[in-house]
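What follows is a single structure, written as structure tokens, with notes after it.
Every chain is numbered from 1 and lettered A, B, ... according to where its sequence line falls, protein lines coming before strand lines. Note that this is a predicted model, so its numbers are computed, not measured.
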2 protein chains.
Amino acid sequence: MRNEAVSPPAPSSNPQPTHATKKRLLEAGLAMLLQQGYNDLGVQAVLDATSTPKGSFYHHFESKEDFALQVIDEYMKGVHAGLDACLGDEARPPLDRIRRFFEMTQQHYRSEGYMGCLLGGLGQELSGVSDVFRRRIEKCFSRIAERMAVCLEEARRRGDIPAESDPRQMADVLVDCWEGAALRSRLRRNPAPLTAMLDFYFRSAAAR
Amino acid sequence: MRNEAVSPPAPSSNPQPTHATKKRLLEAGLAMLLQQGYNDLGVQAVLDATSTPKGSFYHHFESKEDFALQVIDEYMKGVHAGLDACLGDEARPPLDRIRRFFEMTQQHYRSEGYMGCLLGGLGQELSGVSDVFRRRIEKCFSRIAERMAVCLEEARRRGDIPAESDPRQMADVLVDCWEGAALRSRLRRNPAPLTAMLDFYFRSAAAR
DNA sequence: GTTGAATTAGACCGATCGGTCTAGAGCGAA
DNA sequence: TTCGCTCTAGACCGATCGGTCTAATTCAAC
């Protein structure tokens with residue numbers, strides 16, 4: 001439902017970061033926030049990493065907080081693009097589609113040196129101290145679970161999971177367990193906790 | 001196996017924080033680290049909260065990092081005390097003992113306003129930046145899972161879970177999923193994710 | 001009471017923090 | 001060319017950071 005590019009120029013009010021500097025800042029910010037977290041990351045470090053003067057930063061962003069929130073938005077665009085690609089794939093059974101999404105996510109984690117999930121990292125660091133971040137991040141998880149619940153409902157109708165299952169609750173449990181496994185994967189710097197968790201979940205969901 | 005108080009005075013080399021000031025600092029530090037995390041917490045804030053001068057802090061602790069590591073040690077004493085109390089309870093079936101431990105932990109979370117688990121919080125915040133914390137926290141999780149695996153092995157022998165189960169892997173999955181649920185509980189400020197995850201896990205573990 | 005170590009007390013340090021401000025460069029439209 | 005707006009550039013700000021240092025105090029052992 002998001003508005004795509006309608007026509008080439010289209011100077012819309014708030015499009016994708018069409019501006020090169022802003023885009024660079026957001027990309028560097030994503031990698032740095034993922035690794036260092038929020039409070040350990042200084043604005044100056046982002047500036048140095050991108051050879052950007054401070055004036056540009058505060059031209060594009062109201063504050064460090066605003067910057068991090070926009071990094072989260074960028075991150076979520078990627079997540080939802082992955083969900084679009086996987087969950088809509090009618091050729092596969094719904095449970096397979098969900099699993100495939102997580103397996104692709106796992107590959108993504110690997111490519112970043114097992115730094116886990118930005119939502120989990122910032123959620124743990126900031127939710128005790130900032131209601132803005134707490135609510136924003138909870139909303140992100142909630143949206144993801146919502147989309148998975150649609151798929152699980154389809155699985156339920158097909159009889160792939162028990163008829164008495166509650167798809168939304170199962171989706172929340174899945175997302176939460178994934179986040180826990182992502183933390184452990186980050187601590188161990190390997191993917192084993194992720195695959196072990198997925199194996200357990202999908203075996204259990206189908207079996208009982 | 002830990003040494004208990006042998007005789008009242010006993011000036012041993014590194015006992016429990018017998019010293020009142022150090023104890024106060026660690027207690028305040030636990031609550032503050034749980035809420036604010038590491039990087040957002042200034043040493044001065046701990047000093048103010050406990051009316052302690054800076055000289056005392058750096059008398060008892062080498063550095064802020066040393067302080068946080070000792071706070072983790074204190075936290076783990078509590079966790080292992082809980083495990084001692086629950087897992088050894090021969091009157092209950094092994095699976096019940098584990099579940100009871102988590103239910104007590106959940107009560108503990110509630111009493112602290114659903115700030116989740118210190119290991120999860122610091123693990124996410126620091127594991128990308130500090131190998132010291134990363135390894136320490138991984139070790140903590142590993143020890144907890146190890147103890148639960150003993151109980152799960154007992155459950156396996158009794159036939160409460162399938163004979164082909166791998167207790168250690170099941171224990172790791174359980175701990176990881178719990179941490180994920182604890183994060184979500186922190187984001188939502190309520191216990192629902194914790195109970196949903198436990199329900200799913202124990203139903204699945206026994207059933208299949 | 002004297003001594004010496006443990007602890008308290010807090011001024012002080014350089015570095016870094018997030019953020020502001022002014023100046024000018026770049027550039028498209030008129 | 002000139003205007004006007006966007007964006008770059010970086011000096012500068014007060015506050016706070018973790019940590020050091022010296023002096024005063026406390027307290028137990030003798």
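With sequence neighbours excluded, the residues forming a ring pair (Phe, Tyr, Trp, His ring centres under 6.0 Å) with B/F67 are B/F57, B/F61, listed by chain and number. Considering only residues two or more places apart in sequence or on other chains, A/E138 meets the salt bridge (Lys or Arg N to Asp or Glu O under 4.0 Å) condition with B/R184. The salt bridge (Lys or Arg N to Asp or Glu O under 4.0 Å) search around B/R188 returns none, not counting sequence neighbours. Legend: residues meeting side-chain contact (heavy atoms from CB on, under 4.5 Å) with B/A45, ordered by chain and number and at least two apart, are B/M32, B/L41.
Counting only residues at least two apart or on different chains, the ring pair (Phe, Tyr, Trp, His ring centres under 6.0 Å) pairs with a member in residues 94-121 of chain B are B/F102-B/W178, B/Y109-B/W178. Residue pairs satisfying the salt bridge (charged side-chain N to carboxylate O under 4.0 Å, His left out) criterion with at least one member in residues 114-135 of chain A, sequence neighbours excluded, are listed as follows: A/D131-A/R134, A/D131-A/R135. Judged as a ring pair (Phe, Tyr, Trp, His ring centres under 6.0 Å), the pairs with a partner in residues 118-152 of chain A (not counting sequence neighbours) are, in order, A/Y38-A/F133.
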Step by step, would you call B/R143 with B/H80 a side-chain hydrogen bond (donor to acceptor under 3.5 Å, both in side chains)?
CA-CA 9 Å; B/R143 289 238 171 82; B/H80 282 286; over 6 Å; no
Between the protein and nucleotides 24-28 of chain C, which nitrogen or oxygen pairs are less than 3.5 angstrom apart?
none

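Between A/L25 atom CG and D/dC7 atom P there is a gap of 12 Å when expressed in whole angstrom units.
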Going 5' to 3' through nucleotides 3-17 of chain C, assign each nucleotide B (protein heavy atom under 4.0 Å from a base atom), S (under 4.0 Å only from sugar-phosphate atoms) or - (no protein heavy atom that close).
---SBBBBB------
